[in-house]
Structure formats: structure tokens, C-alpha cells
Amino acid sequence: AQSVAQPEDQVNVAEGNPLTVKCTYSVSGNPYLFWYVQYPNRGLQFLLKYITGDNLVKGSYGFEAEFNKSQTSFHLKKPSALVSDSALYFCAVRGLNYGQNFVFGPGTRLSVLP
Amino acid sequence: EAGVAQSPRYKIIEKRQSVAFWCNPISGHATLYWYQQILGQGPKLLIQFQNNGVVDDSQLPKDRFSAERLKGVDSTLKIQPAKLEDSAVYLCASSLGGTGGLYEQYFGPGTRLTVT
């Protein structure tokens, strides 16, 4: 069965510091991996995805994520956090084997402190 | 480009009543998803459509939930009868292309359902 873990419910970081939001997954076969962000009173928005190719993918608002197959991880990163990055972040995986579909993690709340 | 539209935005019903949610995806998006997001959890996929056909409804509680996408555009999700544990936000999302999940999803604002 597919699963996604986001081991931290909450991440606090000071503005200007680098941030990391962790995600690990379990699927059969190769995965498609996604990060979405949910701002207060707004719908989920796509940030970035890994499909194939370069393990480091770049996305919206200066975010990037690194696919690590051996560690089955897809951590979200940003070199310099902004207060406006404060939101709820979801990692999602889709296995490519038959019968697999999208599974979202429980979410990590990021707070960037001024 | 208009986004994914959902209505109503909020709904309060009593248990054992029925309720329906409507979704209009982004024009040209062949794939449509319905998710259930319980407070404090990530979205859980209920059903995926490709045009007007069901691709995956393995997690849809079919004894009480039903969904359709008759003309391959708009979709409705119905709950009958509702239970207390159905209280959640129901999200609709759409994406380009085929059933493989290659493309990112665009989410609507959701319908917040409260069952009392």
C-alpha cells in the first residue's frame, strides 16, 4: 500500500533562514511526487513535482525539492524563508503501478517568524 | 483562466439527510478528482474521472456516496444518508491529460460540510 509521512506537524523558522519540510513515502515501483501549499482561506496550490530526470526540482516562489530514491524522501526546501511562506504544506505521491493513485501526507504547518 | 468552481461553499445538515456538491473544472481538463479532507488530515481521494468515465473509485463509500460526470465536464458528488463522520471539506480538483497522474492538479475552494 502507498503511504506518505510528514514527520513534523509544525516547523518554525526565522525569516531569512533556510527552511526544510520533510516528506518520506512508500510505493511499489517508481513514484510521481508533488508538493502543494494551502494558505489560510485559500485552496490547495501546486508548488512543484518530480516525474523523472534531475533529482532536484525547482518550483514556484523559490521552493525546490530533492528526490532521493534510496531514502524514499522528497524534502521541500527554500534557501531564505519569507513570512509570507507561512502556510500548510502537503506532500503527495502517486505510484505508477496498476491500482495505485494519489496519496497525500497529513501536512506540515510552516511558521516563519519575523 | 478561470479556476475550479465549487458550490456550495458551506453546508450544514442533520445526520441521515442527503446533500450534493457541484464542481466545474477548468476548461479543457479531462481528469477530475473528488477528495475528502477531514480536519487535521491530508486530502483523501474518493473518486477520479477521465472525461465521463470512472477511473478509480476504490475509496468511495459506495453504500452512501455517489458521483457522476455525465457530459465529461461538471461533476456532482452526493451523500445519502449522511453520517456524523462525513463532516469534512470536500475538494474538487482537475488536471490535464490522461489517467497516469503526470499533471499537477488544480483545486477548487472546497465545500465545508457539517453534519449534526
Side-chain angles (χ1 to χ4, degrees), chain A residues 1-10 21 23-25 27-53 57-60 63 65 87-109, chain B residues 1-10 21 23-26 29 31-50 53-60 67 88-112:
Chain A
Q2 299 177 109
S3 65
V4 177
Q6 294 182 241
E8 300 154 319
D9 292 336
Q10 173 96 30
V21 182
C23 171
T24 59
Y25 64 90
V27 295
S28 299
N30 293 321
Y32 289 161
L33 293 156
F34 299 79
W35 276 101
Y36 287 86
V37 60
Q38 190 170 39
Y39 297 103
N41 299 316
R42 295 173 65 178
L44 280 156
Q45 296 178 30
F46 168 77
L47 271 181
L48 50 79
K49 65 181 178 183
Y50 171 82
I51 302 299
T52 187
V57 293
K58 296 185 183 295
S60 307
F63 284 93
L88 191 55
Y89 291 80
F90 291 96
C91 180
V93 64
R94 193 203 189 279
L96 300 184
N97 287 357
Y98 178 79
Q100 299 189 84
N101 213 321
F102 283 97
V103 175
F104 279 75
T108 297
R109 186 164 300 281
Chain B
E1 177 182 77
V4 176
Q6 290 188 248
S7 68
R9 293 293 310 277
Y10 305 91
F21 312 127
C23 172
N24 182 244
I26 292 173
H29 281 193
T31 307
L32 185 147
Y33 306 84
W34 282 102
Y35 290 87
Q36 179 192 59
Q37 186 176 17
I38 293 172
L39 187 64
Q41 300 181 18
K44 173 188 170 185
L45 180 66
L46 294 176
I47 189 167
Q48 177 187 351
F49 290 94
Q50 178 71 14
V54 175
V55 173
D56 182 357
D57 63 357
S58 58
Q59 298 195 93
L60 187 72
V89 176
Y90 290 85
L91 298 168
C92 179
S94 68
S95 71
L96 288 167
T99 60
L102 177 66
Y103 298 98
E104 58 269 27
Q105 297 173 52
Y106 293 81
F107 284 82
T111 297
R112 183 177 299 276

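The sequence lines fix the lettering, A, B, ..., with proteins before strands; numbering per chain opens at 1.
Closest of all the heavy-atom pairs between W34(B) and C23(B) is CZ2-CB, 3.5 Å.
Both the backbone and the side chain of E104(B) come within less than 4.5 Å of a heavy atom of chain A. Looking at I51(A), the atoms closer than 4.5 Å to chain B (heavy atoms on both sides) all sit in the side chain, from C-beta outward. Residue contact with chain B, scored on non-hydrogen atoms closer than 4.5 Å, is absent for Q45(A). Heavy atoms closer than 4.5 Å to chain A are found in the side chain of Q37(B), but not in its backbone.
With respect to chain B, the highest number of heavy-atom pairs below 4.5 Å among R42(A), Q38(A), Q6(A) belongs to Q38(A).
By the salt bridge (Lys or Arg N to Asp or Glu O under 4.0 Å) test, D56(B) pairs with no residue at all, sequence neighbours left out.
With contacts defined as side-chain heavy-atom distances shorter than 4.5 Å, the pair F49(B)/V54(B) qualifies.
For the ring-ring contact (aromatic ring centres under 6.0 Å, His included) with Y36(A), the lone residue among F102(A), F90(A), F104(A) that qualifies is F104(A).
Ring geometry, F63(A) versus Y89(A): the interplanar angle falls from 30° to 60°, so the pair is classed tilted.
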